[in-house]
Enquirer: 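Let me give you the structure first, and then I'll get to my questions.
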Amino acid sequence: MAMGMHGPVPIPRLRRVCCSPSSSHLDGCTSYRWHSANCALPTETLSRPPSLGFKVSQSTDNDWRSLEESARKDKNERNRRHHRQIGPNDLAANTPFSGLVVVNGRPTKMTDTRPAIREGYDVARLSPEANDLAEGFGNTEACRARFSSPSASLQFRKTSSWDHINGGNKCSAVQQTTSTSNATRINGASGGKQLACKAVVDVLEHQDTDEHFNSMNFVTKHLDGDENVGSTSHDTDSLDRRVSDIQSNQEVLLQPAENVSALSKMAAEDHTQVDSSNRLTEAAELPLSDNSPGQSNVARLACTADDIIIVDNIATATTVLAKLRGEYKDAVHACDTEVADIDVKKESPVGHGRVICFSIYCGPNADFGDRKNCVWVDVLDSNIELLNIFREYFEDSSIKKVWHNFSFDRHVLANHGIRVAGFYADTMQLARLWHSGRKGAEGSYSLESLTSDMKAMNGVYDWDSQTLTKKTSMMELFGTKKLKKDGTEGSMKVLPPVEELQRSETTRERWICYSSGDALCTWRLWESLYGQLSKRKWYFQNDLRGSMYEFYDTYWRPFGELLADMEGHGMLVDIEYLAEIEKIACKERAISISRFRKWVAKYCSCADYINVTSDAQIRQLLFGGFKNVSKCRSFKVPNVDGYIEEGKKAPLKFRSIEVCGIGVKLPCHSLTSGGLPAVGMQSLKSLAGKVSIDYVATEDEEEFIPEDVDAELTSGGIKDCKASKGPKQEDLSAYGQAYSAFKGGEEGKEACKAIAALCEISAIDTLISGFIQPLQGGDSMGPDNRVHCSLNLNTETGRLSARRPNLQNQPALEKDRYKIRQAFIASPGNSLIVADYGQLELRLLAHLADCKSMLEAFKIGGDFHSRTAMNMFANVKAAVEKGEVLLEWEPKPGQDSPPAPLLKDVYAAERRKAKMLNFSIAYGKTARGLSKDWKVTTPEAQETVNLWYKDRPEVRKWQEAQKKSARDNHCVYTLLGRARHFPDVSSTSEFHRGRIDRAAINTPVQGSAADVAMLAMIELWRSVELKELGWKLLLQVHDEMILEGPTKTAAYAKDLVVKAMSHPFEGVLAKSEIKRRSCVL
DNA sequence: AACTTCACG
DNA sequence: ACGTACGTGAAGTTT
């Protein structure tokens, strides 16, 4: 297989697409969009790395030797990598890449590309997604509205949201996404199938927030105690010995054929028990927590006061510090902090929280006097100076520190100006690597849950289930029953603030033991996971690369540190801009509500009081009397206008209203999992059709518009719009099913418009409550005025997730009606670079399946979906061959229009089908599901699916192999060799087996894409050049990287980013080799 | 807490 | 008997 680069990467050409008006504060705001038509082949990227065995010290490659030598000196190493022009990893060629936006300095907005499209800019140069958007614009004339912001003469173009979803095509059945019904969702708080998991739900809530639950009330889960805690004889050296034993056992290189079975066998052995508790297991079969019954319920601590040296003065601190940095400097240190003044449920630790104490444990044989091996440091009140004394310890990069949920402690310590260095491992991430499916009955990834789990802990050196060192929850130790109003004890337990626990004489000792226990438990957990992961083999492309712990060391450790850095940086948000947006959104919402109410009033007396955001009430209204919905039902609503019920003196807070159906039987689009008619966007849309919504407020609607909305906002822009809209044409096809349900005519039209308005309300609502408001709110906002989300590695496939707030589900660029993404700005003098991969998952599928046809299509480049359509449909292919249509068109200078119509215009339906399949197949969608979406019979859908597979037989074969692997080996692997485990399928239902099959198909694709994104991020993070220029990673959205840095170097930095993303395997593999060699030697 | 709906890749 | 595309986070309402 050719391993060289497949031709040079085309030189990115920046093309100015749109420039904002010069009259506003948006001066100088420029948006660039770059699209590379020629994406290199993934196979080259992913082709086997230089074939190196496990023991590579005798590598013949001189480059490797020099690489290793220079790697020993950290500084030099970075410079060297910077300047190295060629090396073994250059064989790893480009990863597909397309689409890049650079936005200039403050106040920076990503300028809307849509006006550019409207103005006739050639959209062919935009990414395929943008092209799809452009398609959508063909049919949005009727929906067009324009409004302008008063301070900035920024012009927007508004479209109704469903036009984008459907790409503006009449074939409304074809959609990009279908929602996953809740009943089928494996994770999440919802899902009625988690009955057996109820006991741990409360713990699950806090899984990623460390154990710093201060002054918070929550229900506790009782864990049975284990009376026997022992300080067992440990020996830090023995650990190292054991590791080298493990490593020397791995010298044997297996043949590829044996690899899979050997590895999976090992995995199966490792997980005989774990597998049975995988999340995919049906709830009924989930074993309940295996805390030994019959044990005493008395709270027990992992360590006692005899083990702990309390550091509360400078003298002791100095002594302890000397030992930590002297005698024990080479040991692994587990650290943990306790933090006050933070609500972990809401606030980001960046800028919030104050350390009140911390603990350090570096092995059982450490002795800080009197055989005390746990260090506990009080930094409350005047002892705060001890924190400064320990600063050198925390900032010492040579001391290996293990944390549980590192980023939390890192941020809190950063609040005190301490920049933690020497990050060695995060036991939470290790646990996720060990077993990604820990949800439900098995517990969460909290320290408490993990250390209580025999399976997680049995990797410790002197494993003995009797002396399991587990964390005891704070609630168990310090919780007191909350008193109810009548004075009796309630079932709720409450926790005093941690600061109080530390100060109070009655709890101080227990508190110290608890806190020290955290470090001890973290250390033991690390020891166990280290042992277990070291035993698991790590393969990359059938090449044994070492153990999974080495995988952690090579990838996830730097990744974890990088993520903490990103969280720390945060994103700058333009609050004022969001406030403007919110006003507009609220105004439109108000208008829509008033329209809807006006319509409802004709049929129901409750019109003025109905809660339009209540799906239950809407369901009652639209479907009352039909489809299992009772005719009338009463609801409690806020008593807004002080209505006084009969026999009452004062108005009550709530009043009840009677909601009856409109009396017309509407067609029901779909049912919810509960069997009731669904009233989501899909259903409403099919009722309303493509009715246009404009926001020209009529006279009597004015009263609904909030006072504080600028008059200019509401009138100016909209009048213009109306003028440009021209005479209304009667197009009955635009009306949806409600039209005929109302027997057509005006009544039918009104119904459609009203339901469309309802649709708008819901759309606006989600934008306001989901994005506009949380981004303005202070909880996720640090003192630096930046939004700091929490980035977690908590997914089954290895993707990231973002929380508080979730910055990964911001409205997509193309569908962002209120331009919410423009609120993400760079600080003055800075710019943002947003770079995303094009069709990364599909390319990986092509590579993994080694599908000739797909690889060829990617090699040629251009619009992949069009090419798929061509290969699927003979008539399309014929048209292309005859030159009647063009697959894609790259405008050349002097060319205004393509010489022939484009495929995607002429065969739009075909292309959409192909596109749909491209996405669906990788996820394992069935013909049955497609038939539902496309409103065709299952055999017809199957026929289309067969067409897709026709020239891609390898994909089918590969998918079958994955299913088999899931069935036989209980796991599948990503590109980098991460495993996802599955429960034994033989014991599950047919439905569940199907789910496992689809997950097995999807995980290697999604997980490998996550791997590539991670590699790229590590590259970007490590890039000395980017660092020196001041460019920092801010956020990742699965296949999209967002960086911030000085505007003046943006163009250059962009090239570096493109390069790093295009060569994700560069450098990282080298790292792994270095690591491996140094381990063995 | 359960249910439904919605945003993203 | 029911779910039939994967993977997430979050909000609002009602029980």
Side-chain angles (χ1 to χ4, degrees), chain A residues 129 161 165 176-194 198 201-202 205 219 282 436 611-619 633 635-637 672-676 678-684 762-763 765-771 773-774 789-790 792 794-813 815-816 820 836-837 840-841 916-917 919-933 938 980 989-995 997-1007 1009-1010 1013 1036-1040:
Chain A
E129 286 71 21
S161 50
I165 294 168
Q176 284 303 310
T177 57
T178 57
S179 60
T180 310
S181 82
N182 222 21
T184 69
R185 195 152 157 179
I186 312 173
N187 336 317
S190 53
K193 297 212 172 189
Q194 296 187 7
K198 265 192 175 165
V201 165
D202 300 310
E205 291 266 308
V219 187
E282 274 178 300
S436 62
N611 181 352
V612 289
T613 63
S614 158
D615 42 281
Q617 292 178 30
I618 296 300
R619 181 178 298 118
R633 194 178 145 187
F635 291 93
K636 272 195 170 169
V637 294
T672 66
S673 54
L676 297 170
V679 286
M681 284 290 260
Q682 278 196 358
S683 312
L684 295 184
S762 145
D765 242 17
T766 53
L767 286 174
I768 292 175
S769 67
F771 309 113
Q773 279 176 349
C789 69
S790 149
N792 319 289
N794 59 356
T795 58
E796 290 276 17
T797 55
R799 292 220 299 206
L800 286 180
S801 81
R803 300 193 308 207
R804 273 171 286 128
N806 181 359
L807 291 179
Q808 284 183 322
N809 70 341
Q810 296 304 313
L813 192 61
K815 302 178 202 164
D816 192 2
I820 290 167
D836 68 306
Y837 285 103
L840 182 55
E841 290 197 1
M916 176 82 169
L917 281 169
F919 287 118
S920 308
I921 296 277
Y923 299 146
K925 190 156 185 164
T926 56
R928 189 197 160 116
L930 283 169
S931 70
K932 209 174 160 188
D933 284 349
T938 309
R980 174 173 177 183
S989 70
E990 199 55 50
F991 172 65
H992 232 75
R993 203 172 303 186
R995 297 217 57 207
D997 280 350
R998 293 190 293 273
I1001 288 170
N1002 176 247
T1003 299
V1005 179
Q1006 192 182 112
Q1036 176 246 49
V1037 192
H1038 311 308
D1039 63 353
E1040 173 179 306

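For clarity, every value in this text was computed on a predicted model and none was experimentally measured.
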Enquirer: If you take atom types as modelled and just measure distance, does the side chain of A/Gln1006 reach the base of C/dC6 with a donor-acceptor pair under 3.5 Å?
Expert: yes
Enquirer: Which nucleotide wins on minimum distance to the side chain of A/Glu796, given the candidates C/dG7, C/dT14, B/dG9?
Expert: C/dG7
Enquirer: Return no unless some side-chain N or O of A/Lys815 is found under 4.0 Å from OP1 or OP2 of B/dC8.
Expert: yes
Enquirer: Expressed as a whole number of Å, how far does the P atom of C/dT4 sit from that of B/dG9?
Expert: 24 Å
Enquirer: Under 4.0 Å between a side-chain N/O of A/Arg799 and OP1 or OP2 of B/dC8, yes or no?
Expert: no
Enquirer: Just the rounded figure in Å: distance from P of C/dG3 to CZ of A/Arg998.
Expert: 13 Å
Enquirer: What is the separation between atom NE2 on A/His1038 and atom P on C/dG7, rounded to the nearest whole Å?
Expert: 13 Å
Enquirer: Are any of A/Thr613's side-chain N or O atoms less than 4.0 Å away from OP1 or OP2 of C/dG12?
Expert: no
Enquirer: Quick one: are A/Met916 and A/Asp933 in side-chain contact, heavy atoms under 4.5 Å?
Expert: yes
Enquirer: Could you work out the separation of B/dC3 and C/dG3 based on their C1' atoms and round it to a whole Å?
Expert: 16 Å
Enquirer: Please state how far atom CG in A/Leu840 lies from atom P in B/dG9, giving the value in whole angstrom units.
Expert: 14 Å
Enquirer: Distance check needed: C/dG12 P versus A/Phe771 CZ, whole Å only.
Expert: 12 Å
Enquirer: To the nearest Å, how far apart are A/Gln773 CD and B/dC6 C1'?
Expert: 16 Å
Enquirer: Taking only side-chain N and O atoms of A/Ser614, does any of them lie within less than 4.0 angstrom of OP1 or OP2 on C/dG12?
Expert: no
Enquirer: Indicate, yes or no, whether a donor-acceptor pair under 3.5 Å links the base of C/dG9 to the side chain of A/Arg804.
Expert: no
Enquirer: On DNA chain C, compare the nucleotides closest to A/Ser769 and A/Gly924; which residue's is nearer the 5' end?
Expert: A/Gly924
Enquirer: In dot-bracket form, 5' to 3', how is DNA chain C paired? Count Watson-Crick and G-U wobble pairs only if both distances fall under 3.5 Å, and write | where the partner sits on another strand.
Expert: .....|||||||||.
Enquirer: Only one of A/Asn809, A/Asn794, A/Thr795 forms a side chain to side chain donor-acceptor pair (under 3.5 Å) with A/Ser801, so which one is it?
Expert: A/Asn794
Enquirer: Would you say A/Arg803 places a side-chain N or O within less than 4.0 Å of OP1 or OP2 belonging to B/dC8?
Expert: no
Enquirer: Verify the contact: side-chain N or O of A/Gln617 to OP1 or OP2 of C/dT14, cut-off strictly under 4.0 Å; return yes or no.
Expert: yes
Enquirer: How many Å lie between CZ on A/Phe991 and C1' on C/dG3, as a whole number?
Expert: 4 Å
Enquirer: Salt bridge between A/Glu796 and A/Arg995, side-chain N to carboxylate O under 4.0 Å?
Expert: no
Enquirer: Quick one: which of C/dC6, B/dG9, C/dT4 gets closest to the side chain of A/Thr926?
Expert: C/dT4
Enquirer: Under 4.0 Å between a side-chain N/O of A/Thr766 and OP1 or OP2 of C/dA11, yes or no?
Expert: no
Enquirer: So, does A/Asn794 get its side chain near the phosphate of C/dG7, meaning an N or O under 4.0 Å from OP1 or OP2?
Expert: no
Enquirer: Both A/Gly994 and A/Glu990 contact DNA chain C. Taking the nearest nucleotide for each, which residue is further toward the 5' end?
Expert: A/Glu990
Enquirer: Distance check needed: C/dT4 C1' versus A/Arg995 CZ, whole Å only.
Expert: 9 Å
Enquirer: How many Å lie between CG on A/Asn611 and P on C/dA11, as a whole number?
Expert: 17 Å
Enquirer: Identify the two heavy atoms, one from A/Arg633 and one from A/Ala616, that lie closest to each other, and give their separation to 0.1 Å.
Expert: NH1-CB, 4.3 Å
